[in-house]
Amino acid sequence: MQNPTLELQIQTLPDGPGVYQYYDKEGKILYVGKAKNLKKRVSSYFNKIHDTAKTNVLVKKIVTIKHIVVPTETDALLLENNLIKTLQPRYNVLLRDDKSYPWLCIKKEPFSRIFATRRMVKDGSEYFGPYTSFKTVNTILELIKELYPLRTCNFDLSKSNIESGKFKVCLEYHIGNCKGPCEGFETLENYQKQVDAIREILKGNFKESMKDFKKVMTELAQNMHFEEAQKIKEKIEVLENYQSRSTIINPKITNIDVFSIVSDESAAYVNFLQISHGSIIRSHTMEIKKKLEETDEELLELAIIELRERFQLLSREILVPFMVDLGENIKVTVPQLGDKKQILDLSIRNAKFYRIEQLKQLQIVDPDRHTNRIMAQMQKDLRLPFEPRHIECFDNSNIQGTNPVAACVVFKDGKPSKKDYRHFNIKTVEGPDDFASMTEVVYRRYKRLLDENQALPQLIIIDGGKGQLSAALKSIDELGLRGKIAIIGIAKRLEELFYPGDSIPLYLDKKSETLKVIQQLRNEAHRFGITHHRDQRSKAALNSSIESIPGIGEKTMLALIRHFKSVKRVKLATEKEVSDVIGLSKAKKIVDFYNSIKE
């Protein structure tokens with residue numbers, strides 16, 4: 001499917017946070033933006049006339065929309081900043097300068113200073129962030145200042161300088177904000193303990209600090225100091241929303257390329273992220289049609305070689321989900337934990353979203369092809385001799401043994417065919433016997449289809465394990481249909497699929513489309529059966545315990561039972577409560593009838 005229409009691209013966008021990129025007909029980048037909800041944000045460009053002429057011109061030029069999915073809104077902000085600075089889109093004005101988001105730095109020096117900066121210097125200092133809001137940075141610095149007395153001067157506090165008495169304590173020492181390491185009043189060991197505690201806060205581990213803050217806030221509020229309590233409350237809110245680490249920018253990771261692959265029966269989707277100086281500066285996903293039974297390893301190796309040539313990538317290290325052979329000059333890393341694993345997971349996530357969008361677009365443009373693909377997949381997964389175009393699923397419903405009923409739901413081409421659904425009241429079985437009920441229902445269903453010369457299904461699904469499947473097989477054998485219709489049972493607990501004569505169940509991948517269709521069938525049968533069962537119970541309750549009230553029909557009483565849940569409650573209800581359900585004149589008859597019985 002070459003370049004789908006804009007409308008189709010928008011329809012299949014995800015609902016999560018991310019960054020979108022607009023391209024013109026020549027493939028030039030026009031605009032980069034961030035979104036809390038990609039689908040809503042991008043749609044808003046195309047469903048109204050904009051206030052500014054510039055935006056209206058931009059919208060007319062858009063031909064292709066690309067996007068990158070990220071875990072949080074903060075990540076979307078940071079990625080937008082990276083991409084605008086790297087790609088320099090024509091219609092982005094605000095972030096095209098060389099300013100970056102602020103970091104918090106723990107300086108590599110004796111008696112480390114902690115301060116906010118926009119510049120990252122590779123001198124061994126530690127950097128935390130970047131932060132998308134200076135309010136967050138200032139709140140964290142204020143918190144640190146309140147909890148730990150650190151120096152604010154920029155003196156070189158080497159051991160020799162302190163011992164020679166080169167520095168004198170300043171006002172900060174006298175007002176209690178610093179313990180005077182410049183004159184040797186505080187040991188380096190003690191100071192470093194404080195820096196270690198601050199490092200934990202910057203990593204996001206500030207449970208203890210939060211407890212102290214909340215305690216102080218409560219005490220202030222109890223002592224009627226509401227303004228001070230409010231200030232602390234605001235600080236707590238900033239800290240609760242604090243994201244300590246970003247997947248998008250990581251100063252520990254330098255120039256690396258990340259590749260991941262997601263595949264199905266017909267195609268593979270390879271995502272690539274380019275990391276430069278710790279920042280994601282490019283994302284690209286490509287689709288590879290499968291010709292033979294190629295493995296993911298083979299396909300990923302080919303894709304990496306092609307992408308490195310296309311984008312002229314020179315990095316010496318790549319991150320991948322499994323080992324690939326790319327020669328001796330490239331270091332191949334398969335991360336298991338930590339920051340690199342997070343970036344690889346982000347790449348896999350983008351590949352998955354791309355695959356879902358392609359399938360959605362295909363489903364809209366060519367629904368038959370989508371159905372054919374699912375049918376072929378189900379035939380393969382369930383080891384069937386032919387595609388299950390017509391599937392029927394049976395479910396029994398008897399709660400506490402009353403009013404046993406069964407339901408049969410029908411799916412054609414993977415979709416519900418509601419006009420073919422059938423309810424069954426159990427006729428030949430006394431009491432709650434699920435197995436005998438299943439035998440009766442399956443026999444009645446297919447005896448009728450045979451008698452009326454109607455089309456039989458290719459697959460029957462029985463909601464239940466081995467026992468239910470065996471019960472259904474009795475009827476299939478009796479009707480001479482064994483071998484003509486495939487039949488399987490699905491056990492509720494572990495989603496095990498049982499086949500006739502096979503004691504070992506089949507387990508499908510929890511994410512497979514085949515299992516999703518089977519679960520949808522089972523849930524639909526359950527819903528359809530329970531609805532009918534409730535109706536039967538209501539009627540039974542009606543017939544067994546409601547006296548014949550003059551002028552009141554069965555439908556009226558059924559509506560009351562559904563509303564009040566029992567006959568006893570109907571009897572105890574006031575005239576107003578009954579009239580709210582069925583109207584004043586009928587309510588009067590019912591209340592008068594019950595009052596006359598009491599008398």
Side-chain angles (χ1 to χ4, degrees), residues 3 9 13-14 16 18-23 27-29 32 38 64-71 75-76 78-87 89 246-250 253-264 267-290 294-327 329-335 339-359:
N3 198 15
Q9 291 178 63
L13 282 169
V19 171
Y20 54 90
Q21 302 163 51
Y22 294 149
Y23 291 83
K28 279 187 187 166
I29 184 120
V32 172
L38 280 165
T64 309
I65 302 163
K66 289 185 182 176
H67 67 272
I68 307 168
V69 177
V70 293
D75 286 328
L78 297 170
L79 183 56
E80 179 199 34
N81 183 42
N82 294 351
L83 294 176
I84 290 171
K85 285 177 174 41
T86 308
L87 303 171
S246 165
T247 314
I248 304 304
I249 302 179
N250 193 317
I253 298 170
T254 51
N255 299 341
I256 286 180
D257 299 328
V258 185
F259 298 92
S260 65
I261 187 166
V262 172
S263 68
D264 55 31
Y269 304 86
V270 175
N271 175 264
F272 144 65
L273 296 176
Q274 185 178 357
I275 318 282
S276 174
H277 302 295
S279 302
I280 295 174
I281 60 163
R282 180 182 278 136
S283 173
H284 180 79
T285 309
M286 64 187 284
E287 182 179 355
I288 306 168
K289 296 283 182 220
K290 287 188 179 176
E294 299 109 324
T295 63
D296 282 0
E297 285 82 353
E298 290 168 331
L299 290 168
L300 188 59
E301 279 175 18
L302 288 168
I304 291 171
I305 292 162
E306 186 188 323
L307 288 165
R308 281 177 71 87
E309 278 180 19
R310 191 194 302 182
F311 293 107
Q312 298 176 335
L313 306 173
L314 303 170
S315 56
R316 289 277 158 257
E317 184 181 1
I318 66 164
L319 303 184
V320 282
F322 43 74
M323 285 307 292
V324 288
D325 184 12
L326 297 168
N329 296 330
I330 297 171
K331 182 185 175 188
V332 177
T333 305
V334 181
D339 299 341
K340 288 182 177 178
K341 180 70 169 74
Q342 278 191 329
I343 290 177
L344 180 64
D345 288 344
L346 181 67
S347 175
I348 292 168
R349 198 168 168 198
N350 275 280
K352 282 179 179 171
F353 271 107
Y354 186 83
R355 176 179 172 268
I356 290 164
E357 281 145 38
Q358 295 304 304
L359 294 178

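Counting only heavy atoms from C-beta outward, the side chains of Ser263 and Arg355 never approach each other to under 4.5 Å. When side chains are defined from C-beta on, Tyr269 does not count as touching Met286, because their heavy atoms never get closer than 4.5 Å. Residues Tyr22 and Ile29 fail the side-chain proximity criterion, which asks for heavy atoms closer than 4.5 Å. Within the 4.5 Å cutoff, the side chain of Ile318 has no heavy atoms near those of the Thr333 side chain. Side-chain contact between Val258 and Phe272 is absent, with no heavy atoms from C-beta onward closer than 4.5 Å.
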Legend entry - Evaluation steps, side chain to side chain contact (heavy atoms under 4.5 Å, CB included), between Val270 and Ile288: CA-CA 8 Å; Val270 175; Ile288 306 168; 3.9 Å; yes
Inset, instruction - Begin with the C-alpha distance, continue with both residues' side-chain angles, and end with the deciding distance and a verdict on side chain to side chain contact (heavy atoms under 4.5 Å, CB included) for Val324 and Val332. - result: CA-CA 7 Å; Val324 288; Val332 177; 4.1 Å; yes
Legend entry - Stepwise salt bridge (charged side-chain N to carboxylate O under 4.0 Å, His left out) check, Glu306 with Arg308: CA-CA 6 Å; Glu306 186 188 323; Arg308 281 177 71 87; over 6 Å; no
Inset, instruction - Walk me through it: do Val70 and Val19 pass the test side chain to side chain contact (heavy atoms under 4.5 Å, CB included)? - result: CA-CA 8 Å; Val70 293; Val19 171; 5.5 Å; no
Inset, instruction - Evaluate side chain to side chain contact (heavy atoms under 4.5 Å, CB included) for Leu319 paired with Glu317, printing each intermediate quantity in order. - result: CA-CA 7 Å; Leu319 303 184; Glu317 184 181 1; 4.1 Å; yes
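When only modelled atom types and interatomic distance are considered, His67 and Glu357 share a side-chain donor-acceptor pair under 3.5 Å. In summary, the side chains of Thr64 and Gln9 do not present any donor paired with an acceptor at a separation below 3.5 Å, with no hydrogens or angles considered.
Closest approach of Ala268 and Ile261 over heavy atoms only: CB-CD1, 3.9 Å. Residue Leu344 comes nearest to Ser260 through the heavy atom pair CD1-CB, 4.3 Å, listed as atom of the first residue, atom of the second, then distance. Closest approach of Pro14 to Leu38, counting heavy atoms only: O-CB, 3.5 Å. What you find for Leu313 and Arg282 is that their closest heavy atoms are CD2-NH1, 4.5 Å.
Atom NZ of Lys290 has more than 12 heavy atoms from other residues, nucleotides or ligands within 6.0 Å.
One finds the CG atom of Asn350 at 6.5 Å from the CD1 atom of Ile68 (value rounded to the nearest 0.5 Å). Taking CG from Leu346 and CG from Leu79, the interatomic distance works out to 8.0 Å, rounded to the nearest 0.5 Å. Taking OG of Ser283 as the reference point, atom CD of Gln21 lies at 7.5 Å (rounded to 0.5 Å). Rounded to the nearest 0.5 angstrom, Leu273 CG and Ser347 OG are separated by 4.5 Å. Here the CD-OH distance, from Glu287 to Tyr354, works out to 6.0 Å after rounding to the nearest 0.5 Å. Ile275 CD1 to Ile343 CD1: the interatomic distance, rounded to the nearest 0.5 Å, is 4.0 Å.
Between Phe353 and the choices Val262, Val69, Asn271, Thr285, the side chain to side chain contact (heavy atoms under 4.5 Å, CB included) rule is met once, by Val69.
Annotation: cation-pi geometry not satisfied between Lys66 and Tyr20 (NZ/CZ under 6.0 angstrom from ring centroid, within 45° of ring axis).
Put simply, the side chain of Glu298 gets close to the backbone of Thr295: a donor and an acceptor are under 3.5 Å apart. Glu297 places no side-chain N or O within donor-acceptor distance of the main-chain N or O of Met323, the cut-off being under 3.5 Å.
A salt bridge is absent between Arg349 and Asp345; no separation between the charged side-chain nitrogens and carboxylate oxygens falls under 4.0 Å.
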